[in-house]
Amino acid sequence: MHLTPPTQARRTTPRALLVAGLLAALSGVGSAVEAQQLHTFTASASGIIGGPFDADGEDPGLDQTGFQLAFSWSTWDNTRVGVRAARLAFSDELVDDVFDPDLTFVTIAGEYHFNESFYRSGLYLGLGLYQMEGLVGAETQDDTAIGLVLGATGDFPMTDRLSIIVEISGHYADLDLGARFFGFLTAGLAFHF
């Protein structure tokens, strides 16, 4: 019979606990990704940053900020329909001849999701209704147009119901006022139910 000295047993115990805790955490992430598939609905709130790609004159940049609310529901395995509503304020900026504009849009898109090892990725394509409103000269004007959206998502679970969601999207809107091509990055929290 071989006995382990007490000092050696103390050294392996913290390592064994660390490895066991790490394995438990990693297996929990995988089950959280799988658990998200069991939920029919997802609601999210995100911060948004971005701007126009095709502004004439002085470029306002891609650092305009706002917020986005989204809601989606499962339609089939790995497919969803998602509705997103967002508002961005181009504070004290000039986009073409529109000063201090606000961009508001609502999109509806078909989404396809992929299960990765520790998160879910997705692609979406859809239609949107876009409105640009701001000052032209001394009066407030607005323009509303239909447009297209193409985006990619990453959904990183924290629990089986709560996750961090990150999206990147490109938008085209046939606006006569302001720009037509926009790019946005969003990050926020999603709740699955």
Side-chain angles (χ1 to χ4, degrees), residues 40-75 79-113 120-156 162-193:
T40 304
F41 303 105
T42 300
S44 66
S46 304
I48 187 170
I49 187 168
F53 292 125
D54 65 335
D56 290 336
E58 191 175 321
D59 184 8
L62 296 174
D63 59 350
Q64 312 311 311
T65 59
F67 65 92
Q68 175 178 283
L69 301 176
F71 183 77
S72 66
W73 60 94
S74 294
T75 55
T79 60
R80 302 181 78 77
V81 172
V83 176
R84 293 168 176 81
R87 182 172 180 89
L88 274 92
F90 293 73
S91 300
D92 298 326
E93 295 285 351
L94 188 64
V95 178
D96 291 347
D97 9 340
V98 185
F99 179 72
D100 202 24
D102 289 333
L103 176 67
T104 306
F105 63 87
V106 176
T107 63
I108 184 164
E111 304 179 13
Y112 190 81
H113 290 258
R120 285 176 55 89
S121 63
L123 296 172
Y124 63 90
L125 176 66
L127 296 172
L129 186 62
Y130 297 80
Q131 181 183 43
M132 178 77 78
E133 179 181 11
L135 292 172
V136 178
E139 67 180 69
T140 300
Q141 292 187 8
D142 64 65
D143 185 23
T144 303
I146 293 177
L148 299 171
V149 60
L150 173 66
T153 66
D155 195 336
F156 301 87
L162 192 63
S163 64
I164 295 172
I165 191 160
V166 178
E167 296 182 359
I168 187 167
S169 59
H171 301 254
Y172 169 77
D174 192 21
L175 294 166
D176 294 327
L177 189 64
R180 291 182 174 194
F181 293 94
F182 301 89
F184 302 116
L185 176 67
T186 64
L189 291 176
F191 180 69
H192 308 275
F193 57 100

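Model, not experiment: these values are computed from the prediction.
Screening residues 182-193 for salt bridge (Lys or Arg N to Asp or Glu O under 4.0 Å), with sequence neighbours left out, gives no hits. A side-chain hydrogen bond (donor to acceptor under 3.5 Å, both in side chains) check over residues 143-153, counting only residues at least two apart or in different chains, returns nothing.
Remark: Leu148 pairs with Leu127 by the side-chain contact (heavy atoms from CB on, under 4.5 Å) rule, at least two apart or across chains. Under the rule for a side-chain contact (heavy atoms from CB on, under 4.5 Å), the partners of Ile146 that lie at least two apart in sequence or sit in another chain are Leu129.
With rounding to the nearest 0.5 angstrom, the CZ atom of Arg87 is 4.0 Å from the CG atom of Asp102. Considering CD of Gln131 and CG of Asp142, their distance stands at 4.5 Å, rounded to 0.5 Å. The distance from atom CD1 of Ile165 to atom CZ of Phe191, rounded to the nearest 0.5 Å, is 14.0 Å. Here the CG atom belonging to Asp174 is positioned 6.5 Å from the CG atom belonging to Asp176, to the nearest 0.5 angstrom.
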Pair up each side-chain donor or acceptor in residues 60-68 with any protein partner under 3.5 Å, not counting sequence neighbours, and list the distances.
{"from": "Gln64", "atom 1": "NE2", "to": "Pro60", "atom 2": "O", "distance (Å)": "2.8"}
{"from": "Gln68", "atom 1": "NE2", "to": "Glu167", "atom 2": "OE1", "distance (Å)": "3.3"}

Got a list of side-chain donor-acceptor pairs under 3.5 Å for residues 41-55, not counting sequence neighbours?
{"from": "Thr42", "atom 1": "OG1", "to": "Arg80", "atom 2": "NH2", "distance (Å)": "2.9"}
{"from": "Thr42", "atom 1": "OG1", "to": "His192", "atom 2": "ND1", "distance (Å)": "2.9"}
{"from": "Asp54", "atom 1": "OD1", "to": "Arg180", "atom 2": "N", "distance (Å)": "3.1"}
{"from": "Asp54", "atom 1": "OD1", "to": "Phe181", "atom 2": "N", "distance (Å)": "3.1"}
{"from": "Asp54", "atom 1": "OD2", "to": "Arg180", "atom 2": "N", "distance (Å)": "3.2"}

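When all heavy atoms are compared, the tightest approach of Val95 to Ala179 is CG1-N, 3.8 Å. What you find for Gly134 and Val98 is that their closest heavy atoms are CA-CG1, 3.6 Å. Closest approach of Ala152 and Leu123 over heavy atoms only: CB-CD2, 3.9 Å. Here the shortest heavy-atom pairing between Ser169 and Val149 reads CB-CG2, 4.3 Å.
Counting heavy atoms from C-beta on, the side chains of Leu69 and Val83 never come closer than 4.5 Å.
Both the sub-6.0 Å distance and the 45° axial angle are not jointly satisfied by Arg84 relative to the ring of Phe184.
Each of Tyr124, Phe105, Phe182 was compared with His171 under the ring-ring contact (aromatic ring centres under 6.0 Å, His included) criterion, and only Phe105 meets it.
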When you look at Asp97 and Leu177, which way does the side-chain contact (heavy atoms from CB on, under 4.5 Å) test go after all the steps? CA-CA 8 Å; Asp97 9 340; Leu177 189 64; over 6 Å; no
